[in-house]
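Within every chain, numbering begins at 1; the chains are lettered A, B, ... in the order of the sequence lines, protein sequences first and strands thereafter.
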Amino acid sequence: MYAFTYHKPTSARQAATLLAKKEDAKLLAGGHTLLPTMKQRLASPAAIVDLGACADLKGITLKGRNIVIGAMTTHAEVAASAEVQAAIPALAYLASHIGDPHVRHRGTIGGSVANNDPAADYPAALLALGATVITNKRKLTAEEFFTGLYETALEEGEIITKVSFPLVSKAGYAKFRNPASRYAMVGVFVAKRGSDVRVAVTGAGEGGVFRWPEAETALKVRFSPKSLDGFKHGSKGINGDIHADPEYRAHLIGVMTRQAVAQATGK
Amino acid sequence: MSATGIGAAVRRKEDHRFITGQGRYTDDVNRPGQAQAYFLRSPHAHAKIKSIDTKAAAAMPGVLGIFTGADLAADKIGGLICGWMIHNKDGSPMRAGAHPALAQGRVRYVGDHVAVVVAETLAQAKDAAEAIVVDYQELSAVVETAKAAGAKTVIHDEAPDNTVFNWHLGDKDATDKAFKAAKHVTKLDLVNNRLVPNAMEPRAAVGDYDAGEGIFTLYTTSQNPHVARLVLSAFIGIAPENKLRVIAPDVGGGFGSKIFIYAEETVCVWAAKKVGRPVKWTADRTEAFLSDAHGRDHVTHAELATDADGKILALKVHTTANLGAYLSTFSSSVPTYLYAPLLSGQYDIPAIYCEVDAVYTNTAPVDAYRGAGRPEATFVVERLIEVTARQLGKDPAKFRLQNYIRKFPHQTPVIMAYDTGNYAASLKKALEIIDYKGIGKRKRDSARAGKLRGIGFSSYIEACGIAPSAAVGSLGAGVGLWESAEVRVNPIGTVEVLTGSHSHGQGHETTFAQLVSDRLGIPIDNVSIIHGDTDKVQMGMGTYGSRSGAVGMSAIYKAIDKVIAKGKKVAAYVLEADEADIDFADGNFTVKGTDRKLDFGSCALQAYVAHKFNGQELEPGLKEGAFYDPTNFTFPAGVHICELEIDPQTGVTKIDRWAAVDDFGVVINPMIVEGQVHGGIAQGVGQALLEGARYNSDGQLVTASFMDYTMPRADDLPSFDVGMTVTPCPSNPLGIKGCGEAGAIASPPAVINAITDALGHEDIAMPATPQAVWRAAQKSISRLAAE
Ligand SMILES: Cc1cc2nc3c(=O)[nH]c(=O)nc-3n(C[C@H](O)[C@H](O)[C@H](O)COP(=O)(O)OP(=O)(O)OC[C@H]3O[C@@H](n4cnc5c(N)ncnc54)[C@H](O)[C@@H]3O)c2cc1C
């Protein structure tokens, strides 16, 4: 780790001011991604703005037909939230399967979304549920927000304040964990709202999270695992590593999608 | 059996300290004025160092000294050594290249030590290391085990074809003859995957130099501090032994990786004098991945010959063993004398011939890792046995039974003389535990649920309690492998045992105290175990190869014999009886046929006050020492059976049940022994399903963190059913065989045999990851469909 200055604002507004004022400043949420990279000297921000004391960035509320989660809400809080469990149980389930207890008690939804790790779980939920990322400057749909591997539409000085998830009639999440890291090797979130069905895949795409239109079309006809019989995702554009090559990962997309639909339909 | 004696499941005395955060590990040691060391490591697998410019770095804030290989050489500090000489088939000595603690003109693996920076703080040391300018000329890297020999690139000039030795054991002619007469020959190509030990506590060292006394002290994460002192003193040349103290405080796991004497502790203790300050280094996890000695890494072709009845006739093995970029301390012994002598397994095999080619590669050094050679041997034998049974259409349990050794002692064709055992008894018990009769139904049930169920056996044997010194000396060992102990009785009868064995998690403070409590009839809390400090314990050979029970405790046993003998002399004076009439039992010296007695504590007091006897005739005091040199190896053996279920959709393997029946001889503490079995199986399952160190073709370690290297976790494992059979070991006074490695030795073939059973005999390499199993399942399903 290199030396840096440390700042702990108590509101998102203060944080934004600090971020604008301090040269080469970086936001710190749970620190589960940022701190390891700093320790390995792969990141060297001159200033750290710790969001930990910004009470206005925390909490979960049901606002009309939306579950709104503050950026600094931890995965454990989302997993344990009665509101989330009642409104979108698949989202609570997803949060409960991120990493291990340490990760879930430190890592935050804002940090995870801002980081846009191609193997992270939340991006699949945001994309499938049609969530909105709310920053101190604007609102972005998930499609607009996630722009590539570790890339988002966030601009300099912009802070995620909330993520808003519209309610759906059915949703399910299935994750095949990377055996070593336990991030998603393939994670599939399916969501049905009225006649609309969305299938979002994380962990597998060369460009990060993506939707699977063919499966969506098939599931619109009938929202059942059976609708996917014989369905295979191609291995083009699917990434490979020592744990899973593109062919195996592509195969798992099919298996996980069926499992997610089964979970969503209670089958 | 007393509540704290031999055979009792006494709770571990040391755990209070460990679970309340009061353990004292090397990194907890902080000396006044201590500076921090940081090692600049090679980013390249293979390169010439054209120059190292430390000028700018040396001027950075906080820097106390920057040293390179040239500085070590100038001080006549020698290189690291390999303590076991192996001879080639033609009798010539192995071809070993130099192993400098800091590189001299060449780096040979990623993580190799280029320079050390000693600074006030670690951050300053790292900053300065970044300012060191090294001009590398990259060379091509030799990475693959099977392709190292004869590769264009030469790693050490001393070994022009990258081959350290071509070694063999056994009778080639007899084996060839038996193969010619065979009815059936099974052939297998096997890879024993490379593993990273990953002890929970990373390696660390604190070097200290007392300029007034001229004495060096090294605190280090060592399984054998005395051997570390011997090597640092006699071979590396830090200081004479009487001027070098080595302390290994609490050690948080080692699995072999902390036996060896590494560059870092060598440099820290040397640098302490150079900078005039204590120097500390603690590895981070990445450094542990890169520079701890790795384990296994064999490529093997093996053949087994049987007659028309399925009786085994002969075994032929050719192995290429990867020793990495340099020869680590015991590296040469692992794929040779710790490997080939175990190839007879539990079977009566009349002829065996094994050839081993050891190669250099541009990878981290490879040395002993839990089981060291014996897991590799067991994997060869038990895979061959299983496949042969299947090819012959025989039940794998019955085929084993048919070929088990039944008469003891049994001389194998590969050195070992097995003293005792009852392999059929372990098999029978394991079959009962796993419910072998019900396997057919369980397979059908799984099939109905779309799953593939398999069962796999492993009848392992290992050689522990290493070892008779004369025997290992004749095989090339540089040291004798006895153990020493001193039993110090205090005036009120409490006892300190000083032992050359050193616990790195095994619970010696409990089991050794149980032995003393049992034999002297005193409360276990009156016994303390002292180890890990060369100033306190005179000499020791350390803890590895499950030798602390069989060898270390035997030395304590011998010393206790002497204490009792001396106590009888004291008691004879006090009780005014003839020494020959004094008995000792249950903590009391008694006069035969009378009710006169002296308890152990009072005897100790009398020994120290020396009022009742003439101090010229009988020396006061009660303190005895002993060295125990074993007369044979010990031969723990057992049967493990793994039953598992595969989801052919995803390739996920779930171990459903596990029966482990081991014969460890006499068991001192069954709870600790079961814990050793559990941990061993976990590591073996790790090797079989999860773990694999992978270098890419440039020699970069791509599995250099837990994000990519899959460590076994609790939820990867089932609940184990552990049973035991006991045939006491006849060669040591306690009848102990040893239990530390059994689980890791037994389990990999059990898992792979079960997977291949589930897959309809489709072979699979370790680690059998979900991807590998899925792919194999596709093949076997399509093959079965075609049949
Ligand atoms: C061992 C381990 C296992 C893990 N397993 C999983 C897993 O299975 N699935 C998974 O999805 N994730 C996993 N993670 C990641 C974890 O879930 C964290 O969510 C993730 O590391 C980022 O969240 P954080 O709160 O720790 O953010 P930080 O590390 O503090 O920050 C990450 C990045 O986001 C920026 N940032 C943070 N908050 C904001 C904000 N409000 N606005 C704008 N930018 C912001 C930071 O500046 C930084 O660049 C794992 C992590 C570890 C260490």
### Query
Applying a criterion of heavy atom separation less than 4.5 Å, what residues of residues 112-130 of chain B form contacts with chain A?
B:Ala123, B:Lys126, B:Asp127, B:Glu130

### Query
Is B:Arg694 paired with A:Asp241 through a side-chain N to carboxylate O contact shorter than 4.0 Å?
no

#### Entry: Top contributor to chain B contacts, counting heavy-atom pairs under 4.5 Å, from A:Met185, A:Met1, A:His251
A:His251

### Query
B:Val702 and A:Ile242: which non-hydrogen atoms are nearest, and at how many Å?
CG2-CG2, 4.3 Å

#### Entry: Which portion of A:Leu252 sits near chain B, non-hydrogen atoms under 4.5 angstrom
side chain

### Query
Which atom names give the shortest non-hydrogen contact between A:Ala180 and B:Met707, and what distance separates them?
CB-O, 3.4 Å

### Query
Any side-chain heavy atom of B:Gln771 sitting closer than 4.5 Å to one from A:Arg249?
no

### Query
Which residue out of A:His243, A:Lys39, A:Arg182 racks up the most heavy-atom pairs below 4.5 Å with chain B?
A:Arg182

#### Entry: Derivation of the salt bridge (charged side-chain N to carboxylate O under 4.0 Å, His left out) call for A:Arg177 and B:Asp715
CA-CA 13 Å; A:Arg177 296 186 300 188; B:Asp715 65 357; 3.7 Å; yes

### Query
Is the count of non-hydrogen atoms from other residues, nucleotides or ligands lying under 6.0 Å from A:Arg211 atom CZ greater than 12?
yes

### Query
With respect to chain A, which residue among B:Glu691, B:Met711, B:Arg775 yields the maximal number of heavy-atom pairs within a distance under 4.5 Å?
B:Arg775

### Task
Please indicate whether A:Lys232 has more than 12 foreign heavy atoms, meaning atoms of other residues, nucleotides or ligands, lying under 6.0 Å from its NZ.
no

#### Entry: Spacing of CG belonging to A:Asn178 relative to OG1 belonging to B:Thr769, to within rounding of 0.5 Å
10.5 Å

### Task
Measure distances from B:Asp647 to the heavy atoms of chain A and classify the residue's part below 4.5 Å as side chain, backbone, both or neither.
neither

### Summary
In terms of heavy-atom contacts, B:Thr650 and A:Phe176 come closest through CB-CE1, 3.8 Å

### Pick from B:Pro770, B:Gly692, B:Ser705, B:Ala772 with the largest number of heavy-atom pairs that fall under 4.5 Å of chain A
B:Pro770

